[in-house]
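Shown next, in structure tokens, is the structure this report addresses.
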Amino acid sequence: MRTRRPVARYLFGVLAAAGQPAWAAQVQIAVITAPAEPRLSFDRDTLRNVYLKRVFVDDDGLKLTPVNLPTDAPLRDAFSRTIVRMPAARLQDYWDKQYFQGVSPPYVLGSDGAVVRFVAATPGAIGYVASCHVDASVHVVMLLPWPVGMTNTPALCPDRAGP
């Protein structure tokens, strides 16, 4: 089993090399899985289908478990704009219809730390966090840029107050 720590060091190094403290650099959205990641091609369309629960299992039959942050989290809004491409009201209508067909929306966890812990411990789980929250317990399968026009604040990484 290989370690994932180099990914976290790489991300920190890239952010620091930009000539600014890591917290001031552009935060990216890190899509994460457990170290034994699902066998799935991780592109934006596939990820969208996983989060809309149109894809339920990976190529080996492993059940996929997408997780979200709370609806008021700026990172969830950024992820939804980038991947799901639906405004909040339309997404709510989508889930209302899916619920009556027996399909529940993704689980909601309260923080980036909770997402990292859940994904690390749950085979088939897929989540997203601010790139500054990635650690060796998870595998980064995709880095997404912060959406143009959205405010990106150091508040997404409060424990990363710089050197």
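On a predicted model such as this, the values are computed, not experimentally measured, just so you know.
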Interatomic spacing from CD1 in I29 to CZ in R81 - rounded to 0.5 Å
10.5 Å
Tell me whether Y99 shares a hydrophobic cluster with Y107, the cluster being built from Ile, Leu, Val, Met, Phe, Trp, Tyr side chains joined at under 4.5 Å.
no
Would you list the pairs meeting salt bridge (Lys or Arg N to Asp or Glu O under 4.0 Å) in which at least one residue belongs to residues 49-66, sequence neighbours left out?
R39-D60
For residues P106 and P66, report the shortest heavy-atom separation together with the two atoms involved.
CB-O, 3.3 Å
Contact between V115 and H133 at the side-chain level, heavy atoms closer than 4.5 Å - yes or no?
no
Tested for side-chain contact (heavy atoms from CB on, under 4.5 Å) against I83, the lone hit among L52, L47, V31, T46 is L47
Going by ring-ring contact (aromatic ring centres under 6.0 Å, His included), name the residues that satisfy it together with F118, two or more places apart in sequence or in a different chain.
none
Minimum heavy-atom separation for V67 and G127, please, with both atom names.
CG2-CA, 3.7 Å
Go through the steps for V50 and L40 under the test side chain to side chain contact (heavy atoms under 4.5 Å, CB included), then give the verdict.
CA-CA 10 Å; V50 167; L40 196 63; 3.9 Å; yes
Applying side chain to side chain contact (heavy atoms under 4.5 Å, CB included), run through I126 and V119 and close with a yes or a no.
CA-CA 6 Å; I126 300 171; V119 168; over 6 Å; no
Give me each pair satisfying ring pair (Phe, Tyr, Trp, His ring centres under 6.0 Å) with a member in residues 55-97, each pair once, sequence neighbours excluded.
Y51-F79, F79-Y128
Can you name the closest pair of heavy atoms from V134 and A30 and give their distance?
CG2-CB, 3.6 Å
For the residue pair T82 and P147, what are the closest heavy atoms and their distance?
OG1-CG, 3.3 Å
Hey, could you give me each pair passing side chain to side chain donor-acceptor pair (under 3.5 Å) that has a residue in residues 110-124? Not counting sequence neighbours.
none
List the steps, then state whether side chain to side chain contact (heavy atoms under 4.5 Å, CB included) holds for R44 with L144.
CA-CA 9 Å; R44 289 178 186 227; L144 304 167; 3.9 Å; yes
Of all the heavy-atom pairs spanning A114 and L109, show the shortest one and how long it is.
O-CD1, 3.8 Å
Is the shortest heavy-atom distance from the side chain of M86 to the side chain of R48 under 4.5 Å?
yes
Check side-chain hydrogen bond (donor to acceptor under 3.5 Å, both in side chains) between D72 and all other residues, then give those that pass, not counting sequence neighbours.
none
Cluster overlap V103 with V84, hydrophobic side-chain contacts below 4.5 Å
yes
Approximate separation, where rounding is to 0.5 Å, of H139 NE2 and I32 CD1
11.0 Å
Closest non-hydrogen atom pair, A120 against A34
O-CB, 4.0 Å
Selection residues 84-93 - residue pairs positive for salt bridge (Lys or Arg N to Asp or Glu O under 4.0 Å), sequence neighbours left out:
D45-R85
Hey, could you give me the CG/OG1 distance between D77 and T71, rounded to the nearest 0.5 Å?
10.0 Å
